[in-house]
Each structure stands twice: as structure tokens, then as C-alpha cells.
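First the proteins, then the strands, lettered A, B, ... as listed; each starts at 1.
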Amino acid sequence: MPELPEVETTLCGIRPHLLQQRVCKVIIRQTQLRWEIPKILPQQLKQQRLLTIHRRAKYLLFQFDNGYLLIHLGMSGSLRIVSTLEPIPKHAHVDIQFDNTLWLRYIDPRRFGAILWLGQDPFHHPLLQHLGLEPFDPAFTGVYLYQKAKGKRIAIKPFIMDQKIVTGVGNIYATEALFHSGIHPARAAGRIAKKRYDTLVTAIQQILQQAIQQGGTTLKDFSQSNGKPGYFTQSLQIYGYPGQPCPRCNQQLKLISLNNRSSVYCPRCQT
DNA sequence: AATCGCGCCTGACGGC
DNA sequence: TGCCGTCAGGCGCGAT
């Protein structure tokens with residue numbers, strides 16, 4: 001799915017078109033996403049003004065006069081701004097039209113995403129209330145990760161992909177950040193020195209920042225809200241290249257599975 | 001409490 | 001050509 005940079009890219013792409021606009025029409029073609037889209041959604045949204053859009057973790061939060069709409073892009077979701085309804089591509093499950101005539105289109109082939117109405121108090125919703133720090137929060141430091149990791153035997157890769165620890169990091173960026181930090185993805189989180197966590201935090205922030213600047217990563221499904229792919233794909237160092245030589249030391253990159261997610265790493269650079 | 005695997009879906013790809 | 005297994009950017013849930 002879209003990880004933080006893809007969600008952020010989406011947010012920046014759609015926000016300028018939609019701020020302060022009122023919803024005039026809602027079309028739902030498929031209600032079965034990760035959870036069923038609430039049947040009352042069209043009534044909830046009708047004639048409501050969109051005040052702001054925020055990102056929290058990999059969620060987009062649309063603040064309307066009367067409450068918050070939550071959208072998650074799951075594994076294969078994307079949002080587009082389109083000026084006409086036609087053509088309607090396969091998997092265009094929801095279209096929301098605003099007063100300026102533009103449509104916000106939700107496309108999601110695998111339907112692991114979500115569209116939920118959260119009402120007035122979104123941050124107490126179960127999906128949001130246990131989230132960890134945003135990676136660009138000043139409180140997200142090596143010491144923070146080190147403290148959280150104390151005594152934990154979980155591998156570092158699933159540890160940094162745990163949204164209760166730090167938000168927005170998924171399989172691609174976890175893989176890349178660990179490579180940049182020289183940390184083996186299977187190393188127990190509780191057995192990593194404080195100093196190495198400093199390095200890791202810096203790597204996570206730098207990689208996410210660069211990826212945002214380049215419009216995210218497009219493997220297949222993701223596209224920016226204008227339909228263009230993300231260009232960080234060409235900056236990936238090791239994700240997607242198992243068996244290839246390490247860009248740093250030429251050793252053959254290896255592939256392992258950690259908590260059911262494939263993980264590429266360099267057996268020489270990452271310890 | 002912490003950790004792990006499964007399953008939700010569609011589609012692309014490789015091997016036979 | 002087609003069929004079948006495997007894999008894919010996430011994440012909540014139930015089992016251990």
C-alpha cells in the first residue's frame with residue numbers, strides 16, 4: 001500500500017482542489033471495502049463543507065462541518081481528482097462531487113482500504129487512539145525507539161512497521177531505512193544500541209522526506225492524485241532487488257520473510 | 001503482554 | 001493457450 005510518502009503525496013495533490021468546497025453528490029458503487037462503507041454516508045456528507053484535510057499515520061482525515069471522514073488506502077488504493085465522471089475505471093468504488101464540479105475518486109482494486117464516518121471526535125476512535133509518533137515529530141528520536149524496544153525480542157523490521165511505535169513506515173521504507181542504517185532486519189529490537197537507533201531515526205526521516213519530494217513510490221497500483229506515478233521508485237536501493245549485487249559492497253542481496261513480509265537485505269552491510 | 005500467522009481481495013507473473 | 005501457485009505497498013484479529 002501506500003505508505004506515508006504516498007499518503008502525503010495524495011494529500012498535497014487533492015487538498016488545493018477541495019478546501020472549503022461543499023459536497024453536492026456522492027456515488028458509491030462498491031460498499032465492501034475492509035469494512036462496509038456506512039449506508040448513511042451520502043446523507044452525512046451531502047451539503048457539508050470540507051474545512052481541512054489532515055494525514056495521521058496512513059489515514060487521511062477529512063474534516064467537515066459535521067464530523068470527520070476517514071479514508072485509508074489499504075494496499076492498492078489511490079485518490080484522484082477528476083473533472084468528469086467518464087470514463088469510470090474498474091475499481092472506482094466511490095466518487096464524491098464538490099460544488100466546484102470536481103470529483104474526488106477512490107480507486108482500490110484489492111479493497112483493503114477503508115472509508116468510515118468518525119463523527120466529531122476522531123482521535124478517540126479505536127483506529128486512531130493507539131497510534132505511535134509521527135516520524136517527523138520532534139519526540140521521535142533514537143532514545144524514544146530505544147526505550148520502546150527495551151526487552152523486546154521482535155525483529156527490528158516489524159518493530160518499526162508497527163504503527164503503535166512509529167506511524168507511516170511500511171515494507172518498502174522499512175527495508176530501505178534498515179539498509180541505510182546498516183541494521184539487519186531480523187535483529188531483535190531490544191538488542192540494538194542507542195547510537196544505532198539515532199542512525200535509524202535519521203535514515204527513516206531522510207528517506208521519507210526524499211520520497212515525499214519525489215511523489216512517493218509507484219510499483220503498480222499507486223498513482224498520485226493527478227494520475228502520474230511516484231518517482232522514488234528509481235531511488236530504491238534494495239527493495240525489489242533480491243539476488244542483485246548490493247549497491248554498496250556488491251555482495252548478493254538476500255531475501256528473508258519476517259512476520260510474513262518479505263525483507264531484502266545485504267548480509268555484509270547489515271548486521 | 002508480546003508475538004505471530006491468517007485472511008481479507010484482485011491482478012500480475014512464472015512454470016508447466 | 002490455460003491453469004495453478006506465489007506474490008504484492010496493510011492491518012485487525014485470534015491463537016499461542
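Remark: A:D95 does not engage A:K25 in a salt bridge, criterion side-chain N to carboxylate O under 4.0 Å.
A donor-acceptor contact closer than 3.5 angstrom is absent between the side chains of A:S235 and A:Q210. A side-chain N or O of A:E6 and one of A:Y173 form a donor-acceptor pair less than 3.5 Å apart.
Distance check on atom P: B:dC6 versus C:dT6 gives 13 Å, rounded to whole Å.
Listed by residue number, A:Q163, A:G170 are the residues of residues 157-170 of chain A with a heavy-atom contact under 4.0 Å to DNA chain C. Contacts between residues 144-156 of chain A and DNA chain B, counted as heavy-atom distances below 4.0 Å, involve A:K152, A:R153, A:I154.
If you measure from atom NZ of A:K90 to atom C1' of B:dT10, you get 8 Å, rounded to the nearest angstrom. In this entry the distance linking CD of A:Q30 with P of B:dC8 reads 15 Å, nearest Å. Summarising the geometry, the separation between CD on A:Q129 and C1' on C:dG12 is reported as 14 Å, rounded to the nearest angstrom. Rounded to whole Å, the distance from CG on A:N259 to C1' on C:dG10 is 13 Å. Rounded to whole Å, the distance from CG on A:N260 to C1' on C:dC11 is 12 Å. Note: CG (A:L33) to C1' (C:dC11) measures 14 Å, nearest angstrom. Separating the CD atom of A:Q32 from the P atom of B:dT10 is a distance of 11 Å, rounded to the nearest angstrom. Here the C1' atom of nucleotide B:dC6 and the CZ atom of A:R110 are 14 Å apart, to the nearest Å.
Between A:S76 and C:dA8 there is no side-chain polar atom (N or O) within less than 4.0 angstrom of OP1 or OP2. An OP1 or OP2 oxygen of B:dG11 is reached within less than 4.0 angstrom by a side-chain nitrogen or oxygen of A:H91.
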Exercise for the section: Let me have DNA chain C in dot-bracket notation, would you? Count Watson-Crick plus G-U wobble pairs, both distances under 3.5 Å, and use [ ] for pairs crossing earlier ones and | for inter-strand partners. Expected result: .|||||||.|||||||
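In the interface, the side chain of A:R111 is not paired with the base of B:dC8 through any donor and acceptor atom under 3.5 Å apart.
Using a 4.5 Å heavy-atom cutoff, the side chains of A:I172 and A:L219 are in contact. Considering only heavy atoms from C-beta on, A:F98 comes within 4.5 Å of A:V23 through its side chain. Taking 4.5 Å as the limit, some side-chain heavy atom of A:P185 sits within range of a side-chain heavy atom of A:Q270. Inter-residue side-chain proximity for A:K58 and A:T167 is flagged as unmet; no heavy-atom pair is nearer than 4.5 Å. The closest side-chain heavy-atom distance from A:L79 to A:L60 is below 4.5 Å.
For A:R29, the CZ atom sits in a packed shell: over 12 heavy atoms of surrounding residues, nucleotides or ligands are nearer than 6.0 Å. When the shell of 6.0 Å around CZ of A:R55 is examined, it contains more than 12 heavy atoms from other residues, nucleotides or ligands.
Residue A:Y173 is out of contact with every strand shown, counting any heavy-atom pair closer than 4.0 Å. Heavy atoms of A:S262 sit under 4.0 angstrom from primed sugar atoms or phosphate atoms, though from no base atom.
Of the residues A:L70, A:L41, A:D108, the one that meets the side-chain contact (heavy atoms from CB on, under 4.5 Å) test with A:I115 is A:L41.
Stacking annotation: A:F112 is stacked on the base of B:dC8 (ring centroids less than 5.5 angstrom apart, interplanar angle below 30 degrees).
Across all their heavy atoms, A:Y197 and A:A149 have their closest contact at OH-CB, 3.3 Å.
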